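Inspection log for the structure reproduced underneath, given as structure tokens.
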2 protein chains.
Amino acid sequence: MSDNNQALKKAGLKITLPRVKILDILQQPGNQHVSAEDLYKILIEQGEEIGLATVYRVLNQFDDAGIVIRHHFEGGKSVFEISSQKHHDHLVCLRCGKVIEFSDDVIEQRQLDIAKSHGITLTNHSLYLYGHCDNANCADNA
Amino acid sequence: MSDNNQALKKAGLKITLPRVKILDILQQPGNQHVSAEDLYKILIEQGEEIGLATVYRVLNQFDDAGIVIRHHFEGGKSVFEISSQKHHDHLVCLRCGKVIEFSDDVIEQRQLDIAKSHGITLTNHSLYLYGHCDNANCADNA
DNA sequence: ATATGTGCAAAATGTTTGCATGGTA
DNA sequence: TACCATGCAAACATTTTGCACATAT
């Protein structure tokens with residue numbers, strides 16, 4: 001909790017209840033890749049008095065500060081994820097919705113080379129692999 | 001033009017003016033990666049009487065039929081592209097909006113290996129590299 | 001002739017902003 | 001105290017839908 005406050009301070013953001021709560025929720029294991037709406041519902045369920053607009057504002061500030069990463073998914077809405085220290089990409093099972101994080105140095109290097117060869121300086125990228133699990137119980141946690 | 005009609009028929013779509021016109025525009029070299037709004041404006045400029053809703057409907061039908069591919073770039077709106085036979089990924093300049101298509105066998109192979117090693121059979125993927133041009137005139141065609 | 005497609009306007013998202021109030025440093 | 005943050009409602013932007021009319025086969 002103290003490190004959270006630290007992170008907020010470093011970003012020049014005051015320590016307020018909405019921000020602390022949101023940061024807290026985003027760090028819980030089950031809440032990787034949540035939308036603003038998801039977050040809002042969780043907060044309401046927890047009895048917090050918060051507005052959806054505040055959730056959006058806080059998420060945007062966190063994005064600017066590099067505290068979260070915004071992903072653009074199919075379906076039009078953005079999902080957010082705590083930006084861990086190590087970059088990673090995503091492998092998504094289209095049947096059960098499972099999300100696996102991975103990181104591959106070969107791909108990373110190749111991306112840099114490709115961008116460079118086209119005269120572009122890379123700032124970021126998004127890579128999603130879509131498929132389906134081989135397990136029989138795949139669809140269970142859909 | 002005849003092949004276009006063919007493509008429409010194969011998708012079970014009647015040969016109508018809006019669909020033919022839209023397909024036509026999407027095939028012109030300068031119109032890779034256009035949004036629905038872009039398309040609508042082009043059609044209006046050409047003197048067509050068409051509604052924005054029709055553009056959206058036709059693009060969705062084309063997407064379902066595999067005639068176009070829908071991309072979710074940063075910025076919230078979808079852009080569409082004629083689905084060519086050869087797969088490729090995208091390099092996007094965030095300053096001037098230029099889109100470069102590329103394809104890399106090393107990355108493709110690596111993706112397959114990664115998916116397999118996680119017990120997932122890959123069906124498709126999306127890879128976007130974002131950055132900015134090194135050219136001085138980069139921002140000109142923003 | 002019949003089923004499908006179209007244009008328009010209204011509705012349905014997802015997200016941002018203006019403003020008065022409330023909380024933090 | 002001064003400034004930043006919040007909640008609410010209204011505004012916005014993009015995309016979808018309902019309906020009466022028009023068009024393709």
Side-chain angles (χ1 to χ4, degrees), chain A residues 1-2 4-25 33-44 46-65 67-80, chain B residues 1-2 4-25 33-44 46-65 67-80:
Chain A
M1 200 161 236
S2 192
N4 281 355
N5 293 5
Q6 214 61 33
L8 291 177
K9 269 191 181 162
K10 206 167 75 176
L13 300 171
K14 288 182 180 171
I15 316 295
T16 65
L17 205 61
R19 300 212 256 241
V20 171
K21 281 284 170 190
I22 288 174
L23 201 41
D24 199 39
I25 291 174
H33 319 110
V34 288
S35 67
E37 186 84 33
D38 292 337
L39 257 172
Y40 175 67
K41 282 184 192 155
I42 292 172
L43 286 160
I44 292 300
Q46 293 188 356
E48 297 299 325
E49 285 214 358
I50 195 171
L52 183 54
T54 301
V55 176
Y56 274 105
R57 266 187 294 233
V58 169
L59 285 172
N60 279 332
Q61 290 158 347
F62 284 6
D63 189 23
D64 291 345
I67 298 174
V68 302
I69 293 175
R70 177 196 304 255
H71 294 286
H72 297 276
F73 271 17
E74 321 232 331
K77 40 187 187 182
S78 303
V79 299
F80 299 84
Chain B
M1 199 158 235
S2 194
N4 282 355
N5 293 5
Q6 214 59 34
L8 291 176
K9 270 192 180 161
K10 206 167 75 176
L13 300 171
K14 286 182 181 171
I15 316 295
T16 65
L17 205 62
R19 301 212 255 240
V20 171
K21 280 284 170 193
I22 288 174
L23 201 40
D24 198 41
I25 291 174
H33 318 110
V34 289
S35 68
E37 187 82 33
D38 292 337
L39 257 171
Y40 175 67
K41 282 185 193 154
I42 292 172
L43 285 160
I44 293 299
Q46 293 188 357
E48 296 299 324
E49 285 213 357
I50 195 171
L52 182 54
T54 300
V55 176
Y56 275 105
R57 266 187 294 233
V58 169
L59 286 172
N60 279 332
Q61 291 157 347
F62 284 6
D63 188 22
D64 291 345
I67 297 174
V68 303
I69 293 176
R70 176 196 305 254
H71 294 287
H72 299 275
F73 283 176
E74 313 215 343
K77 38 187 189 179
S78 303
V79 300
F80 298 84

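Convention: sequence-line order gives letters A, B, ...; per-chain numbering from 1. These numbers come from a predicted model, not from an experiment.
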For a quick test of reading the model, state the closest non-hydrogen atom pair linking [X] to [Y] and the distance between them.
| X | Y | result |
| --- | --- | --- |
| B/Ala11 | B/Ile67 | CB-CD1, 4.3 Å |
| A/Asp63 | A/Arg70 | OD2-NE, 3.4 Å |
| B/Val68 | B/Leu59 | CG2-O, 3.9 Å |

What is the distance, to the nearest angstrom, from the [atom1] atom on [X] to the [atom2] atom on [N]?
| X | N | atom1 | atom2 | value |
| --- | --- | --- | --- | --- |
| B/Glu48 | C/dC8 | CD | P | 13 Å |
| A/Leu59 | C/dG14 | CG | C1' | 13 Å |
| B/Leu8 | C/dT4 | CG | P | 16 Å |
| B/His72 | C/dG14 | NE2 | P | 13 Å |

Rounded to the nearest 0.5 Å, what's the gap from CD1 on A/Ile22 to OG1 on A/Thr54? Could you check?
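These two atoms lie 7.5 Å from each other.
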Which residue lies more 5' along DNA chain D, comparing A/Gly51 with B/Ile15 via nearest heavy atoms:
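Final value for this comparison: A/Gly51.
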What pairs with B/Thr16 under side-chain contact (heavy atoms from CB on, under 4.5 Å), at least two apart in sequence or on another chain?
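By the side-chain contact (heavy atoms from CB on, under 4.5 Å) rule, B/Thr16 matches B/Lys14, B/Pro18, B/Arg19.
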Taking only residues two or more places apart in sequence, or in another chain, which ones meet B/Ile69 in a side-chain contact (heavy atoms from CB on, under 4.5 Å)?
B/His71, B/Ser83
Rounded to 10°, the helix from C/dA1-D/dT25 to C/dA25-D/dT1 deviates from straight, judged by its five-pair end axes, by 30°
Non-hydrogen side-chain atoms of B/Val55 and B/Ile50 separated by less than 4.5 Å:
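They are in side-chain contact.
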Give the first and the last nucleotide of DNA chain D, reading 5' to 3', that has any atom under 4.0 Å from a heavy atom of chain A.
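Extent of the interface on DNA chain D: D/dC3 to D/dA9.
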Between the protein and nucleotides 15-21 of chain C, list the N/O to N/O atom pairs that are separated by less than 3.5 angstrom.
{"unit_1": "C/dT15", "atom_1": "OP1", "unit_2": "A/Ser78", "atom_2": "N", "d": "3.0"}
{"unit_1": "C/dT15", "atom_1": "OP1", "unit_2": "A/Ser78", "atom_2": "OG", "d": "3.2"}
{"unit_1": "C/dT15", "atom_1": "OP2", "unit_2": "A/Tyr56", "atom_2": "OH", "d": "2.6"}
{"unit_1": "C/dT15", "atom_1": "O5'", "unit_2": "A/Tyr56", "atom_2": "OH", "d": "3.4"}
{"unit_1": "C/dT16", "atom_1": "OP2", "unit_2": "A/Asn60", "atom_2": "ND2", "d": "3.0"}
{"unit_1": "C/dG18", "atom_1": "O6", "unit_2": "A/Arg57", "atom_2": "NH1", "d": "3.2"}

Distance-only check: which donor-acceptor pairs under 3.5 Å involve side-chain atoms of residues 35-43 of chain B, not counting sequence neighbours?
{"unit_1": "B/Ser35", "atom_1": "OG", "unit_2": "B/Asp38", "atom_2": "N", "d": "3.1"}
{"unit_1": "B/Ser35", "atom_1": "OG", "unit_2": "B/Asp38", "atom_2": "OD1", "d": "3.3"}
{"unit_1": "B/Ser35", "atom_1": "OG", "unit_2": "B/Asp38", "atom_2": "OD2", "d": "3.0"}
{"unit_1": "B/Asp38", "atom_1": "OD2", "unit_2": "B/Ser35", "atom_2": "N", "d": "2.9"}

